[in-house]
Amino acid sequence: EDSSVSTERVGEILLPGDEFCCGPKDTLPLTDSGKSERLVAGPGLRRSGDRLLVSRSGVLRHKEPNKFWIESQQRRYVPAKGETVIGIVTVKSGDVFKVDIGGSEVASLSYLAFEGATKRNRPNIQVGDLLLAQLVVANKDMEPELVCIDGSGRANGMGVFGTGGLLIKVSLGLVRRLLAPRSDLRADLEQLFPCELAVGMNGRVWVRAGAVQQTLVLANLLQSCDAMTAPQRQQLFRRLQQGAF
Amino acid sequence: MKDTPMSNCERDFILKAIEEKKRLDGRQTYDYRKIKITFGTDYGCLCGQVMAQVSCELVVPKENRPNEGIMFFNLELSPMASPAFEQGRQSELSVKLNRQLERCLRNSKCIDTESLCVVSGEKVWQIRVDVHTLNNDGNLMDAASVAAIGALCHFRRPDVSIQGEEVTVYSPEERDPIPLSIYHMPISVSFAFFQQGTFLLVDPCEREERVMDGLLMIAMNKHREICSIQSSGGIMLLKEQVMRCSKIASVKVSEITELINKALLNDKTARKAGGRCGFAESMPQERITALKTDQTAVEMTDVSETASSIVQTAVAPPQTVPSPSVPVPGVGQVGEGLRNTWGLEEEEEEEEEESCGGDSVEEVTKMDVELHQEDKSRTVDVVEILDSDEEEEEVVILYPEATKKPK
């Protein structure tokens, strides 16, 4: 859409109801070629007529060249298409598993949506198992649906979890920080001890380390990192490395 | 709404950790979580995740016990505590906890009910303890018992005096309320058993409670007397295990009783010193979950200039708004108002009219002064305010400057 937007407000905290476009500019940029800019409004921004309104409170972020979104913090997950989530199997009935993903509704997962599954060769999944799956249908009008294969029919890391490990619930912001491309939280974790982490976008993280004690330490660490700034977190990690456990 | 199901992997992990004597939050097997006890400005006690409130009223006693007071306990599992609790419905857990709380506090006779009697056979005090759960993080029974006994120790009932046939109940302003007479403080300690009784944990948290095999609840006071003991879950316990649990329980109970007494003492000194006490004060500031912040200074230097400029440029009030006058000695009237249909006393009508009278700052203050003087001399039932519909029927009190009523 057409708008002349300044990047001056990036990094500010905006509240719902704030207008995003700036007012008429005092000076015209010399390189104004008369072309209108298109901008992509991400989560938290909503278009109303020809204005852009903020619909969620949070910090405004910008990615070159034209993507803007509001980064907000919450713990409750709202299913969105294409996200990879960790689910717990609640019911096994007929051809379909019912999987709890932490949203308002229980999602369904078909028996055939696994790599190498056929009508005769059913996957070995019990009630209470953990699964990593991807949402293919997720809107407010329909029941969410999951699959454990990608477009080309390969598992690609999805499916049932093995034994061991602990599942913890964290906020969505921490999950996004863990999954970010150059995440320093992940870099810090790598320095600690060898471990396996599976991160679901619904706020669930599965951790497994060599010993039970290490797994517990990791789980408690992640939950407390949620509310810490980067220096505090690094201080905590340093104390840990010096053998506090 | 159903709670999130527990996955097999979590269950296996917790059991494996318990076998290695490790708990999820790093406690030892016999460790309690840190207990924080706060008292409210009224008679309530907050302990951990549970809040208890005590109230009293005079009622007719039971027929078979005419000279004993009545104790009534009510524990509510509110949906605030967990999505698995539903409002209004008596779930099995709620019935069980209610029953345990009653047995622990009522059957142990920790309160002297005979001292609650006012007139034998006619009037006794009924003490009502309401316990609300605020958050379910396991072991609600222990928290509820500590909160209930803390609230009972904190409670003060109104003083009563009997002269012949007359019973006078004094309000807290007239005479200091008196505390209940409490013989001892029963506190319950819960033990969770795993792997058919091989491992035991004290004060299970919510996830540990979900995987446990059985629960043993021992209610004891600090004199090492067992008030109530209950085992649920159908596990088979050996005699030695029960004896060991009761020994651990006596240690824990004396620690917790110490904590309660200390908290009561702190609250008493805070109240005597006039300091601020209550639940609001116990909330820590400047944490991400607290909504309280320090007061911020407001820039006031140019307020007086702005205010005086506004006052000077303000339009003078129209003459149709009358100043208060005294038509008849003992009667004051300001303006006209609609008939008050709320049935409140006329004093409150007068106050409403006073506020709609003046416009500018100086006039308001003058008027207030006049009205206050009038208030002292007037009687109550004199002013009749005219409603435009009842023009012909009512008697109207007019004053010289009044203009026609607005229709």
Side-chain angles (χ1 to χ4, degrees), chain A residues 73 75-77 86-91 98-106 125-132 160-169 171 173 196 198 200 202-209 211-221 223-224 226-229 232 244-245, chain B residues 1-29 31 33-34 79-84 86 135-138 194-195 198-199 201 204-213 283-293 296:
Chain A
Q73 178 69 290
R75 285 184 75 100
R76 183 162 287 278
Y77 177 61
I86 295 185
I88 304 175
V89 179
T90 54
V91 172
K98 292 285 183 211
V99 178
D100 168 272
I101 51 176
S104 55
E105 274 194 51
V106 177
I125 298 183
Q126 309 306 321
V127 172
D129 278 351
L130 285 181
L131 296 167
L132 192 72
V160 195
F161 280 64
T163 52
L166 178 62
L167 181 74
I168 52 176
K169 181 135 183 28
S171 72
E196 262 183 87
N202 52 348
R204 294 185 182 163
V205 177
W206 178 86
V207 295
R208 181 163 75 181
V212 163
Q213 176 70 338
Q214 289 178 337
T215 316
L216 278 176
V217 163
L218 202 50
N220 284 324
L221 253 182
Q223 273 170 332
S224 48
D226 229 338
M228 286 189 185
T229 61
Q232 285 172 329
F245 71 92
Chain B
M1 191 179 137
K2 271 190 73 172
D3 218 351
T4 330
M6 181 153 232
S7 58
N8 296 343
C9 122
E10 270 181 294
R11 186 182 299 262
D12 294 337
F13 185 83
I14 294 177
L15 288 174
K16 204 161 78 152
I18 290 174
E19 280 171 30
E20 299 186 15
K21 306 250 194 271
K22 299 217 189 316
R23 292 177 80 161
L24 283 183
D25 43 6
R27 288 185 276 157
Q28 300 294 322
T29 41
D31 275 352
R33 277 170 285 191
K34 195 156 167 344
M80 184 177 12
S82 156
E86 283 182 32
N135 181 28
N136 180 17
D137 199 19
F194 302 85
Q195 313 281 38
T198 332
F199 301 101
L201 287 183
C205 72
E206 207 243 332
R207 291 213 258 187
E208 290 164 355
E209 260 190 3
R210 286 219 208 168
V211 296
M212 70 183 174
D213 285 338
M283 269 172 50
Q285 288 185 323
E286 279 164 24
R287 279 177 58 183
I288 201 165
T289 48
L291 293 176
K292 227 166 69 157
T293 50
T296 47

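Within every chain, numbering begins at 1; the chains are lettered A, B, ... in the order of the sequence lines, protein sequences first and strands thereafter.
- A:Thr90 touches chain B through its side chain: at least one heavy atom from C-beta onward sits under 4.5 Å away, while N, CA, C and O do not.
- Here A:Asp100 contributes atom CG and A:Ile86 contributes atom CD1; the two are 12.0 Å apart, rounded to the nearest 0.5 Å.
- Within the 4.5 angstrom heavy-atom criterion, only side-chain atoms of A:Leu130, from C-beta onward, approach chain B.
- Judged as a salt bridge (charged side-chain N to carboxylate O under 4.0 Å, His left out), the pairs with a partner in residues 13-29 of chain B (not counting sequence neighbours) are, in order, B:Arg23-B:Glu208, B:Asp25-B:Arg27, B:Arg27-B:Asp203.
- Counting heavy atoms from C-beta outward, B:Leu201 and B:Met212 have side chains that stay 4.5 Å or more apart.
- With a threshold of 4.5 angstrom between heavy atoms, A:Val127 approaches chain B through N, CA, C or O but not through any side-chain atom.
- Interatomic distance, A:Leu218 CG to A:Ile168 CD1, rounded to the nearest 0.5 Å: 7.5 Å.
- For the options A:Leu166, A:Thr215, A:Asp129, heavy-atom pairs under 4.5 Å to chain B are most numerous at A:Leu166.
- Neither the backbone nor the side chain of A:Arg208 has a heavy atom closer than 4.5 Å to any heavy atom of chain B.
- For A:Phe161, the ring pair (Phe, Tyr, Trp, His ring centres under 6.0 Å) partners are A:Trp206, not counting sequence neighbours.
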